[in-house]
Engineer: 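Handing you this structure, nothing more for now.
Position 1 is the first residue of the sequence; numbering continues from there. Whatever order the structure lists ligands and atoms in, that order sets their numbers, starting from 1.
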Amino acid sequence: MALLQKIPTGCKVLDETLKGGLTLGNVSLVYGEAETAKTTLAMQCAVNCARQGYKTLFVDCDGTFSAKRLSQISSGNFEKIAEHIILARPKDFKEQASAIDQLTNYVARGFGLVVIDTITFLYRLEIAENPGKTFELNRELNRQMAWLAQVAKMQKIAVLVVSQVRSVFEDAYVDVEPVATRVLKFWADVIIAMKPSENLKVVKVTVEKKSEATQPFSCYLKICETGLSEYSNPSV
Ligand SMILES: Nc1ncnc2c1ncn2[C@@H]1O[C@H](COP(=O)(O)OP(=O)(O)OP(=O)(O)O)[C@@H](O)[C@H]1O
Ligand SMILES: [Mg+2]
């Protein structure tokens, strides 16, 4: 098994910008509105990690991980790939915290990637139930991100954190959303924004600027049966 260097997203232009894909030791944040293919992108990373013989711990906080979708993305190699993806399904924010706290117990040798999808889902439910605890819950979200950043560095693995943002004023969570996004962005080494486009099946992907030295980069990707693919003409 060759030494893992990078985990490609599988989208050529995006991987070029990311200099090969997700970097070990880094936390990458993928955020965007519902149905902008965030989970699809995370699954592609898990599949490309498996293709190099390394495991992924996929923490499925919002319960949307689908074996069917994984098999479409794995293109015929499903069984071998599925063996390399370990699923965790926390039921509430407390269980999410304990899954993240215990990462070093099960993310040992042979792991290349940890995915947390969606990190703000159970947090959002908890805030809706206990609006008075917002400050405490934000501090807890910050603590989880800090620990993920530390685990990424210590274990030399890539961490991919997925977050959903809402465009409309739907619930009590809207007030705290900018705070949560700021916390997530603070800890992320790489920030990828997914935005809907006029075409339902096409998303605009932007690798945001993290420092003065980096330039933002955008491209369009098409959501297909087998995952995300190149889309060069957004006006069509
Ligand atoms: N086999 C498929 N062929 C084409 N499109 C698909 C297929 N499977 C899923 N999709 C579409 O891909 C889109 C993105 O799904 P995905 O679950 O990756 O989005 P998401 O950003 O994670 O959404 P959410 O915020 O709700 O978690 C959805 O519109 C879904 O209908
Ligand atoms: Mg999702």
Engineer: Is any N or O atom of T118, backbone or side chain, closer than 3.5 Å to an N or O atom of ligand 1?
Structural biologist: no
Engineer: Quick one: does any side-chain atom of W187 pair with a main-chain N or O of V27 as donor and acceptor, under 3.5 Å?
Structural biologist: no
Engineer: Is the backbone N or O of Q164 less than 3.5 Å from a side-chain atom of R124, with the two atoms forming a donor-acceptor pair by type?
Structural biologist: yes
Engineer: Report the part of K38 (side chain from C-beta onward, or backbone N, CA, C, O) that has a heavy atom under 4.0 Å from ligand 1; answer both or neither where that applies.
Structural biologist: both
Engineer: How many protein atoms of type N/O/S are positioned less than 2.8 Å from the Mg ion (ligand 2)?
Structural biologist: 1
Engineer: In terms of atom number and element, which parts of ligand 1 are under 4.0 angstrom from non-hydrogen atoms of K201?
Structural biologist: 4 (C), 5 (N), 11 (C)
Engineer: Decide whether N48 and Q44 meet the rule of one side-chain donor and one side-chain acceptor closer than 3.5 Å.
Structural biologist: no
Engineer: May I ask you to list the atoms of ligand 1 that are less than 4.0 angstrom from any heavy atom of T36?
Structural biologist: 19 (O), 20 (P), 21 (O)
Engineer: Quick one: which of A34, A42, A37 has a heavy atom closest to atom 14 (C) of ligand 1?
Structural biologist: A37
Engineer: Distance-only, no hydrogens or angles: does the N26 side chain make a donor-acceptor pair with backbone N or O of S28 under 3.5 Å?
Structural biologist: no
Engineer: May I ask which of T226, V30, T39 has a heavy atom nearer to atom 27 (O) of ligand 1 than the others do?
Structural biologist: T39
Engineer: With heavy-atom distances below 4.0 Å as the criterion, list the atoms of ligand 1 near Q164.
Structural biologist: 24 (P), 25 (O), 26 (O)
Engineer: Please check whether I223 reaches ligand 1 - meaning an N/O of the residue sits under 3.5 Å from an N/O of the ligand, judged on distance alone.
Structural biologist: no
Engineer: Please work out, at 4.0 Å between heavy atoms, whether the side chain, the backbone, both, or neither of M194 comes within that distance of ligand 1.
Structural biologist: neither
Engineer: Side chains of S163 and T120: is there a donor and an acceptor less than 3.5 Å apart?
Structural biologist: yes
Engineer: Backbone or side chain, does any N or O of T64 fall under 3.5 Å from an N or O of ligand 1?
Structural biologist: no
Engineer: By the definition side chain to side chain contact (heavy atoms under 4.5 Å, CB included), identify the one residue from L160, L57, V162, L148 that meets it with I116.
Structural biologist: L148
Engineer: Going by an N to O cut-off under 4.0 Å, is there a salt bridge joining D101 and R143?
Structural biologist: yes
Engineer: Provide the number and element of each atom of ligand 1 under 4.0 Å from a heavy atom of T40.
Structural biologist: 15 (O), 16 (P), 18 (O)
Engineer: Output every pair passing ring pair (Phe, Tyr, Trp, His ring centres under 6.0 Å) with a member in residues 60-86, not counting sequence neighbours, ordered by first then second residue.
Structural biologist: F58-F65
Engineer: How long is the span from the CG atom in D60 to the OG1 atom in T118, to the nearest 0.5 Å?
Structural biologist: 8.5 Å
Engineer: Is a donor on one side and an acceptor on the other found under 3.5 Å between the side chain of Q52 and the backbone of K6?
Structural biologist: yes
Engineer: Can you tell me which residue and heavy atom of the protein come closest to atom 29 (O) of ligand 1, and the distance to 0.1 Å?
Structural biologist: E35 OE1, 3.1 Å
Engineer: Students should be able to answer this: which protein heavy-atom is nearest to atom 3 (N) of ligand 1, and at what distance?
Structural biologist: E225 CA, 3.5 Å
Engineer: Numbering the atoms of ligand 1 from 1, which are under 4.0 Å from a heavy atom of C224?
Structural biologist: 3 (N), 4 (C)
Engineer: Give the residue, atom name and distance (to 0.1 Å) of the protein heavy atom nearest atom 2 (C) of ligand 1.
Structural biologist: R69 NH1, 3.4 Å
Engineer: Check each atom of ligand 1 against the heavy atoms of Q72 and keep those under 4.0 Å away; list them by number with element.
Structural biologist: 1 (N), 2 (C)
Engineer: Might you work through the side chain to side chain contact (heavy atoms under 4.5 Å, CB included) test for V107 and I157, ending with a clear yes or no?
Structural biologist: CA-CA 9 Å; V107 177; I157 52 165; 3.7 Å; yes
Engineer: Going by atom types alone, do D62 and T64 pair a side-chain donor with an acceptor below 3.5 Å?
Structural biologist: yes
Engineer: Test side chain to side chain donor-acceptor pair (under 3.5 Å) on R139 and N142 and set out the steps.
Structural biologist: CA-CA 5 Å; R139 200 166 53 186; N142 187 65; over 6 Å; no
Engineer: Have K201 and Y231 got a donor and an acceptor in their side chains that come within less than 3.5 Å?
Structural biologist: no
